[in-house]
Asker: 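Structure below; questions to follow.
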Amino acid sequence: MIVEYIRYRIAEADREEFEAAYARAAVPLASSPQCLDYELSGCVEEPGAYVLRIRWTSAEDHLQGFRGSAAFPAFFAEIRPYVQAIEEMRHYAPTAVAGTGAGAGDPAPSLYEWAGGSDAFERLTDAFYRKVRADDLLEPVFRHMDAHHPHYVALWLAEVFGGPARYTEERGGYPHMLGQHRGRAITEPQRRRWIALLTDAADEVGLPGDPEFRAAFTGYIEWGTRLALANSQPGAAPFEDAPVPRWGWGVAPPWQG
Ligand code: HEM
């Protein structure tokens, strides 16, 4: 990635048309695969001084790719009258110094925080395994489960959804979970029932019901149960070691009104 800066000095009478010309030029610019993003800023202290910043995939992509592309003539036709007003036009390589300031605001809460933290996941798995024990399809699968199993799965889910890494630290992380599913030959009807009961448990214990949270929650559960089923089949060859997955909001961030 490379950043191009173009500095202009525009006479007062031309400024309105200059900005309008760039708004039109931005259409072919934005349609070019070499362009990552762009921004035209006007100087506050010195009206008429402008900086155009364009991030390109590379200097070569800009100079050969974009300038040789079908989009370039339409772009250049708009800005040609202002070429004389250019004071600097150069490429800059980013350094390691970059970041976000406190003023950018807090990042979105994790799914773990949104759900209500560790207590919420403990309540969820308590309710879930109560249903499992009374279920014709799943009771035989979990008949001999460890008495702490609901707690362990609560730790797992809390970690997946952005909480503390306690399953990794206290319970052996992904390899241990994988070992617990191996050879169990989970069936598709059992997988579906697992999801149905977990969803019922989520409603029962009052996990947030908003569409964004439930979409992310269900997305993980769908993914995780499919992996559990596949990895539990005799002869399966899953990845032996991996971090506990971390699940985020996906395409729909939390709705905060
Ligand atoms: C997203 C889906 C799933 C997650 C997150 C999950 C999570 C876990 C975890 C973390 C363990 C190990 C607990 C420990 O540390 O001892 C475990 C064990 C186990 N899981 Fe799953 N699991 C999922 C899906 C399933 C499904 C679909 C089934 C079967 C229908 C299943 C059956 C079992 C069984 C039987 C054990 C062993 C329980 C014991 O004997 O203690 N899991 N699971």
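As the structure lists them, so they are numbered: ligands from 1, and atoms in each ligand from 1.
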Asker: State the atoms of ligand 1, each with its element, that fall below the 4.0 Å cut-off from a heavy-atom position in V141.
Answerer: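 Going through ligand 1 atom by atom, the ones under 4.0 Å from V141 are 35 (C).
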Asker: How far apart are the C-alpha atoms of E212 and W114, what are their side-chain angles, what is the distance that settles it, and do they pass the side chain to side chain contact (heavy atoms under 4.5 Å, CB included) test?
Answerer: CA-CA 11 Å; E212 292 75 18; W114 193 264; over 6 Å; no
Asker: Could you list the atoms of ligand 1 found under 4.0 angstrom from a heavy atom of I186?
Answerer: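 Within the 4.0 Å cut-off of I186, ligand 1 contributes 26 (C), 28 (C), 29 (C), 30 (C), 31 (C).
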Asker: What is the ring orientation for Y22 with Y8, classed by angle as parallel under 30°, tilted 30 to 60°, or perpendicular over 60°?
Answerer: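 Geometry flag for Y8 against Y22: perpendicular rings.
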Asker: Looking at A85 and I10, what are the two nearest heavy atoms and their distance?
Answerer: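 In terms of heavy atoms, the two residues are closest at CB-CD1, 3.7 Å.
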Asker: From the options H149, E188, E170, M145, select the one whose nearest heavy atom is closest to atom 18 (C) of ligand 1.
Answerer: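 The nearest heavy atom belongs to H149.
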Asker: Identify, for atom 32 (C) of ligand 1, the protein heavy atom at the shortest distance, and state residue, atom and that distance.
Answerer: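 Here the closest protein heavy atom is F142 CZ, 3.2 Å.
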Asker: Going by atom types alone, do S118 and Y112 pair a side-chain donor with an acceptor below 3.5 Å?
Answerer: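 The criterion, which ignores hydrogens and geometry beyond distance, is satisfied for Y112 and S118.
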Asker: Taking only heavy atoms of R184, which atoms of ligand 1 are found under 4.0 Å from at least one of them?
Answerer: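 Atoms satisfying the 4.0 Å criterion: 34 (C), 35 (C), 36 (C), 37 (C), 40 (O).
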Asker: Report yes if R191 has an N/O atom closer than 3.5 Å to an N/O atom of ligand 1; otherwise report no.
Answerer: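 Checking ligand 1 against R191, no N or O pair falls under 3.5 Å apart.
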Asker: Return yes or no for this condition: an N or O of Y167 is under 3.5 Å from an N or O of ligand 1.
Answerer: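 Min N/O separation from ligand 1 is below 3.5 Å for Y167.
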Asker: Is E88 salt-bridged to R7, going by a charged N under 4.0 Å from an acidic O?
Answerer: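 The answer is yes: the pair qualifies as a salt bridge.
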Asker: Looking only at heavy atoms of Y220, does any of them come nearer than 4.0 Å to an atom of ligand 1?
Answerer: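 Y220: in contact with ligand 1 (<4.0 Å).
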Asker: Select the closest option to atom 8 (C) of ligand 1 among H181, R143, Q180, R193, judged by heavy-atom distance.
Answerer: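 It is H181 whose heavy atom sits nearest to atom 8 (C) of ligand 1.
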Asker: Should you measure from each heavy atom of L138, which atoms of ligand 1 turn up under 4.0 Å away?
Answerer: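 So the answer, numbered in order with elements, is 30 (C).
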Asker: Under 3.5 Å between any N/O of Q190 and any N/O of ligand 1: does that happen in this structure?
Answerer: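 Among all N and O atoms of Q190, none is under 3.5 Å from an N or O of ligand 1.
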